[in-house]
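The analysis underlying the following values was restricted to heavy atoms, covering all of them including side chains, and did not include hydrogens, waters or symmetry mates. Letters A, B, ... are given to chains in the order of the sequence lines, protein chains preceding strands, and every chain is numbered from 1.
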Number of protein chains: 2
Amino acid sequence: MVLDASPRLDAVFHALSHPARRAIIRQLSAGEQNLSELAAPLKMTFPAATKHVRVLEHAKLVRRRVAGREHLCRLTAAPLKEATSWTEQFRKHWEVRFEALDSLLEEMKSEDRSRRS
Amino acid sequence: MVLDASPRLDAVFHALSHPARRAIIRQLSAGEQNLSELAAPLKMTFPAATKHVRVLEHAKLVRRRVAGREHLCRLTAAPLKEATSWTEQFRKHWEVRFEALDSLLEEMKSEDRSRRS
DNA sequence: GGTATAGTAAACCAAATGGTTTTGGATGCA
DNA sequence: TGCATCCAAAACCATTTGGTTTACTATACC
């Protein structure tokens with residue numbers, strides 16, 4: 001496959017790419033909160049804040065539970081795992097590559113030095 | 001601070017949110033490639049592909065080296081570390097929380113069972 | 001019942017995104 | 001010199017994003 005097609009990864013990374021949504025995640029890491037509590041500290045209107053929550057729900061990073069007139073939100077770990085494992089896969093891979101390249105360059109430099117000496 | 005303001009995290013997560021850009025990263029994990037090589041497997045025009053590369057450069061996930069008429073690209077690990085550590089921070093946090101909640105629920109269930117017996 | 005509170009929905013807007021086509025500039029090569 | 005290749009830049013376009021305001025529904029409370 002030519003593109004790394006994964007709508008879920010698209011959604012998760014996109015959800016994490018906005019400071020307001022990361023702030024919501026940070027808040028929810030302290031426990032369940034309703035939409036008003038989530039919206040209060042954000043410097044935007046209430047409808048704007050709930051749109052961000054919907055983006056997080058679409059990425060399945062947040063689940064919503066309706067209790068009376070309030071909507072309580074909590075975090076979900078699974079999509080974060082998926083995202084992290086994707087990045088880790090490549091990070092490790094090319095860190096090894098670069099370490100190998102660095103040591104190769106070191107070898108070449110010392111060879112150059114011994115040739116000159 | 002109310003929002004999780006970090007333009008670099010914004011840029012990294014946004015860069016990772018598109019399948020074409022993840023495909024480019026996957027390609028570059030096999031080693032340095034020029035823009036034509038990167039664009040070839042993508043189902044889009046060359047200018048569109050180079051725009052994606054520029055997005056990756058803006059997030060500092062890719063560095064470019066000009067050699068004659070070709071532009072060679074390679075990956076950079078640092079921003080990925082930053083992104084991963086951000087997600088790990090919260091993932092661990094709320095996994096512990098949920099495990100704690102799960103065991104609490106287990107306790108309550110067994111208490112309920114013993115009360116009924 | 002009446003009023004505040006929690007939240008949705010819709011219309012609207014500016015700016016960013018993701019793509020195209022076209023044009024043109026360097027570099028490499030026969 | 002001439003031609004193909006690698007790439008940038010600009011103009012353009014449709015759609016999405018991120019925000020607003022306004023109007024509305026439903027629950028809680030006195």
Side-chain angles (χ1 to χ4, degrees), chain A residues 1-28 31-59 61-74, chain B residues 2-25 27-28 31-59 61-74:
Chain A
M1 183 50 66
V2 30
L3 327 155
D4 244 38
S6 170
R8 281 187 308 180
L9 276 183
D10 294 1
V12 172
F13 284 129
H14 173 250
L16 296 177
S17 73
H18 195 290
R21 291 191 289 261
R22 290 198 304 275
I24 290 172
I25 289 179
R26 189 179 291 275
Q27 278 191 262
L28 287 180
E32 223 178 26
Q33 293 197 7
N34 68 29
L35 292 180
S36 297
E37 288 167 336
L38 285 177
L42 303 177
K43 292 285 180 290
M44 63 186 67
T45 61
F46 183 77
T50 63
K51 283 187 184 180
H52 284 299
V53 172
R54 248 190 299 273
V55 171
L56 290 166
E57 286 182 280
H58 175 247
L61 286 164
V62 164
R63 272 186 318 175
R64 182 190 300 226
R65 176 170 69 90
V66 179
R69 63 178 166 180
E70 53 187 340
H71 293 202
L72 296 166
C73 298
R74 56 148 56 181
Chain B
V2 31
L3 328 154
D4 242 39
S6 170
R8 281 187 309 179
L9 276 184
D10 294 1
V12 172
F13 284 130
H14 172 249
L16 295 177
S17 73
H18 195 289
R21 291 191 289 262
R22 290 198 304 276
I24 291 173
I25 289 179
Q27 279 191 261
L28 287 180
E32 223 177 25
Q33 292 197 8
N34 68 30
L35 293 182
S36 296
E37 289 167 335
L38 285 177
L42 303 178
K43 292 287 179 287
M44 62 185 68
T45 60
F46 183 78
T50 63
K51 282 188 184 180
H52 284 299
V53 172
R54 245 191 302 274
V55 170
L56 290 166
E57 285 183 278
H58 176 246
L61 286 164
V62 165
R63 273 186 318 175
R64 182 190 300 225
R65 175 170 71 88
V66 179
R69 64 180 166 178
E70 54 186 340
H71 293 201
L72 296 166
C73 298
R74 54 147 55 182

All pairs passing salt bridge (Lys or Arg N to Asp or Glu O under 4.0 Å) where residues 5-27 of chain A contributes a residue, at least two apart
Arg8(A)-Glu82(A), Asp10(A)-Arg22(B), Arg22(A)-Asp10(B), Arg26(A)-Asp4(B)
Nucleotide by nucleotide, nucleotides 8-19 of chain D touches protein heavy atoms under 4.0 Å in the pattern (B base, S sugar-phosphate only, - none) SB-B------SB
Rounding to 10 degrees, work out the angle separating the end axes of the helix from dG1(C)-dC30(D) to dA30(C)-dT1(D) (five pairs an end).
20°
Under the rule for salt bridge (charged side-chain N to carboxylate O under 4.0 Å, His left out), what residues qualify as partners of Arg65(B), not counting sequence neighbours?
Glu32(B)
With 3.5 Å as the limit, what N/O pairs link the protein to nucleotides 24-30 of chain C?
{"from": "dT27(C)", "atom 1": "O3'", "to": "Arg69(B)", "atom 2": "N", "distance (Å)": "3.4"}
{"from": "dT27(C)", "atom 1": "O2", "to": "Arg69(B)", "atom 2": "NH1", "distance (Å)": "3.3"}

Does a salt bridge link Arg64(B) with Glu57(B), judged by any charged N lying under 4.0 Å from a carboxylate O?
yes
Hey, could you give me the CD1/CG distance between Ile24(B) and Leu42(B), rounded to the nearest 0.5 Å?
5.5 Å
Suppose we screen for side chain to side chain donor-acceptor pair (under 3.5 Å). Which residues come up paired with His14(A), at least two apart in sequence or across chains?
none
Rounded to whole Å, how long is the line connecting atom CG of Leu42(B) with atom C1' of dG18(C)?
13 Å
Which residues share a side chain to side chain donor-acceptor pair (under 3.5 Å) with Glu37(B), sequence neighbours left out:
none
Contacts of Arg69(B) that satisfy salt bridge (charged side-chain N to carboxylate O under 4.0 Å, His left out) - sequence neighbours left out
none
What residues, two or more places apart in sequence or in another chain, satisfy side-chain contact (heavy atoms from CB on, under 4.5 Å) together with Ala48(A)?
Met44(A), Thr45(A)
Between CG of Asp10(A) and P of dG18(C) the distance, given in whole Å, is 10 Å
